[in-house]
Colleague: 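Encoded as structure tokens, here's the structure I'll be asking about.
Below, each value reflects all heavy atoms present in this structure, side chains not excepted, and no hydrogens, waters or symmetry copies.
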Amino acid sequence: MTSTRTNLYTFGCSYTVESNKHGGKEYYWPKWPKLLSQHLGMEYKNFGVGGAGNDQIFYHAVNEIVHNHNDIDTVAILWSAMWRFWVYGKNFNPTNPNEYLDYGVYTHLLKEFEYPNQATKFQINCFLKNITTLQKLCDDYNIKLLQWCGTGLLEYAPPQHKPNYSIMEQFEEELEKYDIDDTNIIGWPFVPELGGMTFWDINKDMTISEEDSHPNAKGHELIARYFYENTKCESKG
């Protein structure tokens, strides 16, 4: 099959979806995937899903890359918070269990862990492994991979999930075990205490309201611009 490689593929949570509705209201500004495609002069396909956690984002990206790599020039991923899960095709956020799966399902799935420390470490390792896997996959297919994080990566841990030592310390400890090329990752490692940065950290006047953290028009323009500027970075490899 002849490679066309003309498209931008985008992935993320509700910060990435192109729906005009948030909180019962409608907003008609262009979203960052469309804006980024215009910067790059490409067509685009957006796979953002409201409420998606990082494992769902990862699996969707892997499936699309493997099956459509001849169509893809660039992949841009706006990661979400680490506490969201994708369980049997359903989104689950233990910080707000009534909106997703029953909290008992979550604790049952983690019953083999010494809770919460091993569970937290497991989540961190999954996230870091997913990033290295995507980097390897895109390298193999010669696809440009751009990454940033929209929400606070380690924010919103429910009280039942607070480890005996800080999540940030665990993240820093696990991060040392991975060789991640951060050339095309904006604000890596996404944690301010470790010198990282997310959209959440710089979103002053760029969200719909104080109660709604979704990007407003300025926010989407900023995300698109940050991704576009990152396309000019050369990989360390």
Side-chain angles (χ1 to χ4, degrees), residues 6-61 63-64 68 71-102 146-153 155-156 158 186-187 190 197-231:
T6 59
N7 279 306
L8 163 72
Y9 277 40
T10 59
F11 302 86
C13 63
S14 57
Y15 283 27
T16 299
V17 298
E18 294 185 280
S19 170
N20 293 319
K21 292 185 178 181
H22 290 295
K25 298 181 180 180
E26 294 189 356
Y27 305 91
Y28 292 98
W29 48 70
K31 309 308 188 294
W32 73 261
K34 181 177 182 178
L35 295 171
L36 178 58
S37 73
Q38 292 172 344
H39 284 312
L40 296 173
M42 297 179 186
E43 296 297 319
Y44 76 101
K45 296 181 181 180
N46 182 17
F47 298 91
V49 177
N54 289 335
D55 52 349
Q56 180 178 5
I57 293 169
F58 168 75
Y59 287 120
H60 280 181
N63 284 335
E64 293 300 327
N68 298 296
D71 186 48
I72 306 171
D73 178 275
T74 301
V75 167
I77 296 178
L78 190 67
W79 295 106
S80 184
M82 198 179 69
W83 303 107
R84 292 175 172 177
F85 295 86
W86 195 36
V87 183
Y88 301 124
K90 295 178 183 286
N91 293 319
F92 174 51
N93 182 347
T95 66
N96 190 8
N98 292 328
E99 226 174 274
Y100 297 83
L101 297 181
D102 181 82
L146 311 172
Q147 302 177 75
W148 197 17
C149 187
T151 63
L153 180 68
E155 300 293 331
Y156 306 123
I186 301 165
F190 304 148
M197 174 266 293
T198 70
F199 172 75
W200 180 271
D201 298 312
I202 60 170
N203 66 8
K204 182 176 174 59
D205 299 324
M206 289 183 287
T207 62
I208 291 176
S209 69
E210 292 184 1
E211 293 76 30
D212 190 334
S213 68
H214 291 91
N216 59 19
K218 290 183 179 179
H220 281 284
E221 289 170 1
L222 179 136
I223 293 169
R225 187 174 73 250
Y226 269 45
F227 272 129
Y228 176 64
E229 291 298 323
N230 198 248
T231 64

Colleague: Nearest heavy-atom pair of Gly12 and Ala52: which atoms, and what distance?
Modeller: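 Between these two residues, the closest heavy atoms are O-CB, 3.9 Å.
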Colleague: Please report the interatomic distance CD1(Ile77) to OG1(Thr16), rounded to the nearest 0.5 Å.
Modeller: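 Nearest 0.5 Å value for the CD1-OG1 distance: 10.0 Å.
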Colleague: Under 3.5 Å, side chain of Asn216 to main-chain N/O of Gly219, donor-acceptor pair present?
Modeller: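 It does hold such a pair.
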Colleague: About how many Å separate NZ of Lys204 and CD1 of Ile202, when rounded to the nearest 0.5 Å?
Modeller: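 So the gap between those two atoms works out to 13.0 Å.
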Colleague: Is there a side-chain contact (heavy atoms from CB on, under 4.5 Å) between Leu35 and Glu221 once you walk through the steps?
Modeller: CA-CA 7 Å; Leu35 295 171; Glu221 289 170 1; 3.9 Å; yes
Colleague: Taking the ring of Phe47 and the ring of Tyr9, is the distance between their centroids below 6.0 Å?
Modeller: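 Here the rings of Phe47 and Tyr9 have centres that are less than 6.0 Å from each other.
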Colleague: Drop me the distance from Ile208's CD1 to Asn203's CG, to the nearest 0.5 angstrom.
Modeller: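 One finds 11.5 Å between CD1 of Ile208 and CG of Asn203.
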Colleague: Which distance, rounded to the nearest 0.5 Å, do you find between the CD of Glu43 and the CD of Gln38?
Modeller: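 Answer for the CD-CD pair, Glu43 versus Gln38, is 10.0 Å.
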Colleague: Looking at OH of Tyr27 and NE2 of His220, how far apart are the two atoms once the value is rounded to the nearest 0.5 Å?
Modeller: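 Tyr27 atom OH to His220 atom NE2 measures 11.5 Å (nearest 0.5 Å).
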Colleague: Is any side-chain heavy atom of Ile223 closer than 4.5 Å to a side-chain heavy atom of Pro215?
Modeller: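 Sidechains of Pro215 and Ile223: in contact.
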Colleague: Below 4.5 Å, heavy atoms only, C-beta onward: do Trp79 and Trp148 meet side chain to side chain?
Modeller: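 A side-chain contact is absent here, since even the closest heavy-atom pair is not under 4.5 Å.
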Colleague: Taking everything shown except Glu18 itself, do over 12 heavy atoms lie less than 6.0 Å from its CD?
Modeller: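 Yes.
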Colleague: Could I get the full list of salt bridge (charged side-chain N to carboxylate O under 4.0 Å, His left out) partners for Glu26, not counting sequence neighbours?
Modeller: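 Testing Glu26 for salt bridge (charged side-chain N to carboxylate O under 4.0 Å, His left out), a comparison that skips the adjacent residues, returns Lys21.
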Colleague: Ignoring hydrogens and geometry, is there a side-chain-to-backbone donor-acceptor pair from Ser80 to Gly53 under 3.5 Å?
Modeller: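 Between the backbone of Gly53 and the side chain of Ser80 there is no qualifying donor-acceptor contact (under 3.5 Å).
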Colleague: List in chain and number order the residues that pass ring-ring contact (aromatic ring centres under 6.0 Å, His included) with Tyr15, two or more places apart in sequence or in another chain; answer none if no residue qualifies.
Modeller: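 Counting only residues at least two positions away or on another chain, Tyr15 forms a ring-ring contact (aromatic ring centres under 6.0 Å, His included) with His214.
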Colleague: Between the main-chain N or O of Thr198 and the side-chain N or O of Asp201, is there a donor-acceptor pair closer than 3.5 Å?
Modeller: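 Checked: pair present.
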Colleague: Using the rule given for side-chain contact (heavy atoms from CB on, under 4.5 Å), can you reason through Phe11 versus Leu78, listing the C-alpha separation, both sets of side-chain angles and the distance that settles it, and then say yes or no?
Modeller: CA-CA 6 Å; Phe11 302 86; Leu78 190 67; over 6 Å; no
Colleague: With a 4.5 Å cut-off on side-chain heavy atoms, are Tyr44 and Lys34 touching?
Modeller: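 Contact flag for Lys34/Tyr44 side chains = yes.
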Colleague: So which heavy atom on Ala224 is nearest to which on Trp32, and how close?
Modeller: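 That would be CB-O, 3.8 Å.
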Colleague: After noting the C-alpha distance and the side-chain angles of Met197 and Ile186, does the key distance pass the side-chain contact (heavy atoms from CB on, under 4.5 Å) rule?
Modeller: CA-CA 8 Å; Met197 174 266 293; Ile186 301 165; 4.3 Å; yes
Colleague: Within the 4.5 Å heavy-atom criterion, are Asn7 and Asp73 side-chain neighbours or not?
Modeller: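 No, side chains not in contact.
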Colleague: Taking the side chain as every heavy atom from C-beta outward, state whether Phe199 and Tyr226 have any pair of such atoms under 4.5 Å apart.
Modeller: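 Phe199 vs Tyr226: side chains apart.
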Colleague: Under a plain distance cut-off of 3.5 Å, with no hydrogens placed, do Thr10 and Asn46 share a side-chain donor-acceptor pair?
Modeller: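 Yes, Thr10 and Asn46 have a side-chain donor paired with an acceptor closer than 3.5 Å.
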Colleague: Using a 3.5 Å distance criterion without hydrogens, assess whether the side chain of Ser209 forms a donor-acceptor pair with backbone atoms of Glu211.
Modeller: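 It does hold such a pair.
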Colleague: Checking side-chain polar atoms at under 3.5 Å, does Trp200 have a donor or acceptor matched by the opposite partner on Ser213?
Modeller: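 No, no side-chain donor-acceptor pair sits under 3.5 Å.
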Colleague: Can you list the steps and then say if Asp71 with Lys45 is a side-chain contact (heavy atoms from CB on, under 4.5 Å)?
Modeller: CA-CA 10 Å; Asp71 186 48; Lys45 296 181 181 180; 3.3 Å; yes
Colleague: Would you say that Asp212 contacts Thr207 through its side chain, given a criterion of any heavy-atom pair below 4.5 Å between the two side chains?
Modeller: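 They are not in side-chain contact.
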Colleague: A side-chain contact here means heavy atoms from C-beta on lying under 4.5 Å apart; do Ile57 and Asp55 qualify?
Modeller: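 They are not in side-chain contact.
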Colleague: Which residue, Leu36, Thr6, Leu8, forms the side-chain contact (heavy atoms from CB on, under 4.5 Å) with Met42?
Modeller: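 Only match with Met42 under side-chain contact (heavy atoms from CB on, under 4.5 Å): Leu8.
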Colleague: Report yes if some heavy atom in the side chain of Leu146 is under 4.5 Å from a heavy atom in the side chain of Thr74; otherwise report no.
Modeller: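 They are in side-chain contact.
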